[in-house]
Amino acid sequence: MGILNMVMGNATEVDLKEIEKEFADILVPSETLECAYKVIRDKWVFTNKRLILLDVQGITGSRREYLSIPYKNIAYFSVETAGTLDDDSEFKIWIKGGGFVKKEFSKRTNIKQIQMQLASHVLE
């Protein structure tokens with residue numbers, strides 16, 4: 001990932017070999033990785049069973065929050081693309097039973113590609 005992408009917060013696809021090592025103790029035996037996106041230090045990891053949102057926190061990045069959302073528990077989701085004067089895109093995921101997750105992406109992020117990956121699981 002280039003330095004400009006990091007500064008701008010662009011989501012870039014991550015090599016699955018890197019994700020396999022990092023998420024080895026998170027995945028269940030029957031779970032396989034499909035693709036992953038990185039935005040600065042955070043990651044969106046798509047498996048055959050769920051979406052894992054990794055939120056790296058703190059100055060050193062040693063504190064991490066792993067939010068697992070099984071596809072079957074996603075009620076609906078929305079994508080708001082950036083406008084002419086708007087600098088960011090938004091992705092919202094509503095969870096069955098209440099609550100939602102909201103993540104912001106840079107204007108340059110291909111948020112539609114991430115939406116397509118999620119839709120391929122939720123709409124099956």
Side-chain angles (χ1 to χ4, degrees):
M1 175 177 6
I3 190 74
L4 183 61
N5 281 341
M6 288 176 57
V7 171
M8 298 304 293
N10 291 338
T12 55
E13 200 156 355
V14 180
D15 181 19
L16 290 182
K17 292 199 184 299
E18 174 188 331
I19 298 298
E20 283 175 0
K21 292 176 187 174
E22 185 177 359
F23 284 74
D25 57 346
I26 303 291
L27 303 176
V28 298
S30 63
E31 193 170 18
T32 58
L33 295 170
E34 294 184 345
C35 67
Y37 298 92
K38 184 175 185 177
V39 181
I40 305 176
R41 299 189 302 176
D42 298 342
K43 292 185 177 102
W44 283 47
V45 178
F46 291 87
T47 75
N48 61 322
K49 297 182 179 286
R50 61 184 162 159
L51 170 62
I52 304 169
L53 303 179
L54 170 59
D55 182 12
V56 179
Q57 303 169 359
I59 294 171
T60 64
S62 59
R63 183 172 164 198
R64 295 165 175 253
E65 177 185 7
Y66 295 88
L67 176 63
S68 293
I69 307 171
Y71 298 123
K72 66 181 182 179
N73 291 343
I74 297 175
Y76 52 97
F77 55 92
S78 73
V79 173
E80 181 180 309
T81 60
T84 304
L85 300 175
D86 192 10
D87 287 344
D88 59 5
S89 302
E90 289 183 357
F91 203 113
K92 296 178 187 172
I93 301 172
W94 281 264
I95 311 302
K96 292 177 184 172
F100 72 93
V101 176
K102 175 180 148 183
K103 295 288 183 181
E104 292 186 358
F105 292 89
S106 152
K107 183 177 191 173
R108 292 190 174 100
T109 299
N110 186 353
I111 198 164
K112 291 179 182 177
Q113 180 181 4
I114 298 170
Q115 180 275 151
M116 190 180 315
Q117 183 68 31
L118 183 59
S120 71
H121 288 285
V122 174
L123 301 177
E124 286 184 341

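Small disclaimer: the values here were computed from a predicted structure and weren't measured. For the numbers below, each heavy atom of this structure counts, side chains included, while hydrogens, waters and symmetry mates do not.
Atom NZ of K102 is separated from atom CH2 of W94 by 10.0 Å, given to the nearest 0.5 angstrom. For the atom pair CG (L54) and OG (S68), the distance works out to 10.5 Å, reported to the nearest 0.5 Å. A distance of 7.5 Å separates CD in Q113 from SG in C35, rounded to the nearest 0.5 Å. Atom CG of L51 is separated from atom NE2 of H121 by 9.0 Å, given to the nearest 0.5 angstrom.
Put simply, I26 and Y37 are part of two different groups of oily side chains (I, L, V, M, F, W, Y) that touch within less than 4.5 Å, one to the next. In the hydrophobic clustering of ILVMFWY residues, with side-chain heavy atoms under 4.5 Å counting as a link, Y71 and Y76 come out apart. V39 and I69 fall within a single hydrophobic cluster, where Ile, Leu, Val, Met, Phe, Trp and Tyr are joined by side-chain heavy atoms under 4.5 Å apart, directly or via other members. Linking Ile, Leu, Val, Met, Phe, Trp and Tyr residues whenever their side-chain heavy atoms come within less than 4.5 Å places I93 and V79 in a single cluster. A chain of hydrophobic side-chain contacts below 4.5 Å, direct or via other Ile, Leu, Val, Met, Phe, Trp or Tyr residues, connects I95 to L53.
When the ring pair (Phe, Tyr, Trp, His ring centres under 6.0 Å) test is applied to F77, no partner is found at least two apart in sequence or on another chain. With sequence neighbours left out, the salt bridge (charged side-chain N to carboxylate O under 4.0 Å, His left out) criterion links K92 to E90. Under the rule for a side chain to side chain donor-acceptor pair (under 3.5 Å), N73 has no partner lying at least two apart in sequence or in another chain. K72 is linked by a side chain to side chain contact (heavy atoms under 4.5 Å, CB included) to P70, counting only residues two or more places apart in sequence or in another chain. Applying the side chain to side chain donor-acceptor pair (under 3.5 Å) rule to E20 yields no partners; only residues at least two apart in sequence or on another chain are considered. Remark: S120 engages Q117 in a side chain to side chain contact (heavy atoms under 4.5 Å, CB included) (not counting sequence neighbours). Remark: E22 pairs with K43, R64 by the side chain to side chain donor-acceptor pair (under 3.5 Å) rule, at least two apart or across chains. Under the side chain to side chain contact (heavy atoms under 4.5 Å, CB included) criterion, T47 pairs with L27, E31, L33, V45, K49, R50, I52, sequence neighbours left out. Remark: F46 engages no residue in a ring pair (Phe, Tyr, Trp, His ring centres under 6.0 Å) (not counting sequence neighbours).
Here M116 sits alone; no ILVMFWY side chain lies under 4.5 Å from its own, so it joins no hydrophobic cluster.
Closest approach of I19 and A36 over heavy atoms only: CG1-CB, 3.7 Å. Among all heavy-atom pairs drawn from A82 and S89, the shortest one is N-OG, 3.3 Å. Residues T60 and R41 come closest through the heavy atom pair C-NH1, 4.0 Å.
Although no hydrogens or angles enter the test, the distance criterion places a donor-acceptor pair under 3.5 Å between the side chain of N48 and the main chain of T32.
Contact check for L118 versus W44: no side-chain heavy atoms found under the 4.5 Å cut-off. Side chains of T81 and I111 form a contact here, defined as non-hydrogen atoms less than 4.5 Å apart.
Under the ring pair (Phe, Tyr, Trp, His ring centres under 6.0 Å) criterion, the residue pairs touching residues 14-33 are F23-Y66, with sequence neighbours excluded.
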